[in-house]
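Worksheet: one structure, shown below.
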Amino acid sequence: MSDPSTRGGSAARLVLVAAAVLAALVLQTTVFPHLAWGGVVPDVVLLVVVAAGLARGSQHAMVLGFFAGALLDLAPPADHVAGRWALALMLVGYVAGQVRREATPSVGVCLATVAACSFLGSSVFALSGMILQDSAASIPDQLGVVLVAVVWDVLLAALLAALVLGPARRVRPRTRTDGLARR
Amino acid sequence: MRLSRSRRPLGAVRRHDHEGAGDGHPPRALVLALVLACVSLMLLDRGEESAIDPARRAVGEVVGPAQSGVSAAIRPVVELPDFFRSREEMRAELASLEAENAGLRTEVRTSDYRRNKLAELEGLTSAAEDLGYALLPARVVGLGSSQTFTNTVTIDAGSASGLAPDMTVVNNDGLVGRILRVTRTSATVLLLVDADSTVGGRIGESMELGFLQGRGVIGGTARLDLELLDQRLVPSKGDTVVTWGSLGGEGEPSGPYVAGVPIGEVVSVYSSLRESSQRAVIDPFVDFSELDLVGVVVPSGTRSDRAVVEADGSLR
């Protein structure tokens, strides 16, 4: 997390976030299908929104969730009513941001948030499909897919946490005091 | 981590918030605006000709090339296990072909035969010859996840290559699906197994007509349901189903699906006494979880930015 006090910093961050969302989208549609289990891939874009919520709070994450979801709705090969992922990821951003307000985002809390948000996001998407009569899949099928997606998302989040936090902890074992000192 | 959570003063959590609004509840106006934006997106996107289509095309123009690029970059890694497997398969196939060749040599002494047989290994060339249509080769670069409950893929050819909506997509195993929409450099394909996909099919043995409906499942358990128009006829196990196809002259595709493309074979038949109808379950020939090289049926002589496999197997 960089210091957001300067204008240039926030513009650079906007570009960074946009690049992260686009990269997540390409990962989700092009790279992960090769590892898919029954066609279910990790929701990488959803993970980016959850990360934004945990790092910066509800307001930022909701806006990011809306735009990331809209991108997911419009980018090929999507073929569902636009706005469904936008709504789902917006809610995900809100919930992830609220978690940050309630508790310190430790690794455990982060993974639990990812699980809850993955379930919420996929379910909202599935429900909106039912309401709009956009999806012909049956409810048991959809529930199965949602649960597999939760497992995928938590696995990927855990892997990312291990990759990011593992080396960081080895180099700087006292991150906590660092954080306090910076304040 | 758990220890630090209990010891850390609450204020430490919020050390990144200089704006104050970043935490806490977002303003009600923002929530309302975003929800309304979602709802209006959904409302705009109803119906066949939606107002969102230009936006879809614009996003596709950016994301399509990105998908093509990444797909090309990871291809060597993805094909690594395939390389070993297909070498073994090819060896087995070659052995059987050689045996077949030896057996047929007494009958067919032309070099054409062997050349044609070898062309099978090259995939699409033979598919184009068998079907009698010109095929535009393309690669699958993006797959819709199961979480979206639709089965669609992106291919790396678009209107610049001469593609248009409703064109038929095949690979060397059989029917893959049809094109939904195109951008300049990419196209979205609705797979045969999508729950929204309906294809007119014809049982090869009896020439009986029916409709095939996808189930929305890909992978090894992908199945299609066939309902026959004539309820008295019972398809038998192992019958091959090909596309019924829309009107159009020989070699001139028109309408969503061209005629005579193999779809799959009947694996089971069950009758519903209540509806007094016969339903057959079809196992598609194409493995939808491992799509890579596909061919789009294009009119012969299509102007394209890439080589087209003509119906006689030649590349143009």
Side-chain angles (χ1 to χ4, degrees), chain A residues 1 4-5 22 25-26 28-31 33-34 36 38-41 43 55-60 62-63 66 70-71 73-84 86-87 90 94 100-101 103-104 106-108 122 125-126 129 132 135-137 141-142 145-146 149 176 179-180 182-183, chain B residues 1-2 4-5 8 12-13 15-18 21-27 30-31 34-35 37-42 44-46 52 55-56 59-60 63-64 66-67 70-71 74 78 141-154 180 183 186 188-190 195-196 216 218-219 289:
Chain A
M1 275 290 126
S5 54
L22 194 65
L25 176 78
V26 173
Q28 189 171 327
T29 54
T30 300
V31 179
H34 294 291
V40 183
V41 298
D43 304 275
R56 306 211 56 207
S58 281
Q59 190 176 334
H60 284 95
M62 277 182 84
V63 176
F66 173 77
L71 186 70
D73 283 325
L74 297 178
D79 184 49
H80 50 264
V81 173
R84 285 174 61 193
L87 183 68
M90 195 188 86
Y94 176 78
R100 176 178 191 270
R101 215 164 67 103
T104 313
S106 67
V107 173
S122 307
F125 181 83
L132 295 168
S135 159
D141 283 355
Q142 299 200 356
V145 166
V146 168
R176 179 162 55 93
L180 287 173
R182 222 188 298 147
R183 195 160 74 104
Chain B
M1 277 318 222
R2 209 164 285 273
S4 72
R5 184 177 150 198
R8 186 189 287 179
V13 183
R15 65 181 182 276
H16 297 307
D17 293 321
H18 294 250
D23 229 357
H25 288 285
L30 177 77
V31 178
L34 287 177
V35 171
C38 290
V39 172
S40 41
L41 266 180
M42 291 175 193
L44 281 173
D45 200 22
R46 304 292 281 162
I52 299 294
R56 280 191 199 276
V59 173
V63 176
Q67 287 176 333
V70 171
S71 179
I74 63 168
V78 171
V141 295
L143 278 90
S145 65
S146 287
Q147 286 102 309
T148 57
F149 307 110
T150 53
N151 303 102
T152 47
V153 297
T154 321
L180 282 175
T183 69
S186 70
T188 304
V189 177
L190 180 72
D196 280 337
I218 63 167
S289 59

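Each chain gets a letter, A, B and so on, in the order the sequences are listed, and its residues count up from 1. The figures that follow rest on heavy atoms only: side chains count, while hydrogens, waters and symmetry mates do not.
- In this structure, chain A has a heavy atom under 4.5 Å from the side chain of B/L30, while its backbone stays farther away.
- Between the side chains of B/Q67 and A/T29, at least one donor-acceptor pair of N or O atoms lies under 3.5 Å.
- Side-chain contact between A/L22 and A/L71 is present, with heavy atoms from C-beta onward closer than 4.5 Å.
- Only the side chain of A/P33 has a heavy atom closer than 4.5 Å to any heavy atom of chain B.
- In this structure, chain B has heavy atoms under 4.5 Å from both the backbone and the side chain of A/H80.
- Here the closest heavy-atom approach between residue A/A86 and residue B/C38 is recorded as C-SG, 3.7 Å.
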Could you walk me through whether B/Q147 and A/V41 satisfy the side chain to side chain contact (heavy atoms under 4.5 Å, CB included) test, starting with their C-alpha distance in whole Å, then the side-chain angles of each, then the deciding distance to 0.1 Å, before giving a yes or no? CA-CA 8 Å; B/Q147 286 102 309; A/V41 298; 4.2 Å; yes
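- Both the backbone and the side chain of B/S146 have a heavy atom closer than 4.5 Å to some heavy atom of chain A.
- The nearest pair of heavy atoms linking A/P77 to B/G144 is CG-N, 3.3 Å.
- Partners of B/T150 under the side-chain contact (heavy atoms from CB on, under 4.5 Å) rule, at least two apart in sequence or in another chain, are B/T148, B/T152, B/D194.
- Nearest approach of A/Y94 to B/P26, heavy atoms of both residues: CE1-CD, 3.6 Å.
- Heavy-atom distances place no part of A/A36 under 4.5 Å from chain B, backbone and side chain included.
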One pair to check against side chain to side chain contact (heavy atoms under 4.5 Å, CB included): B/T188 and B/R56. What are the steps and the verdict? CA-CA 11 Å; B/T188 304; B/R56 280 191 199 276; over 6 Å; no
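- Your options are A/G83, A/A78, A/A75, A/A70, and the one with the most heavy-atom pairs under 4.5 Å with chain B is A/G83.
- Comparing A/D141, A/D79, A/L25 by how many heavy-atom pairs each has under 4.5 Å with chain B, the most go to A/D79.
- Heavy atoms closer than 4.5 Å to chain A are found nowhere in B/V189, neither backbone nor side chain.
- In this structure, the portions of B/L34 lying under 4.5 Å from any heavy atom of chain A include both its backbone and its side chain.
- For chain A, the nearby parts of B/V31 are the backbone and the side chain; heavy atoms of each come within less than 4.5 Å.
- For A/D73, the part lying under 4.5 angstrom from a heavy atom of chain B is the backbone only.
- Using a 4.5 Å cut-off between heavy atoms, A/M62 touches chain B through backbone and side chain atoms alike.
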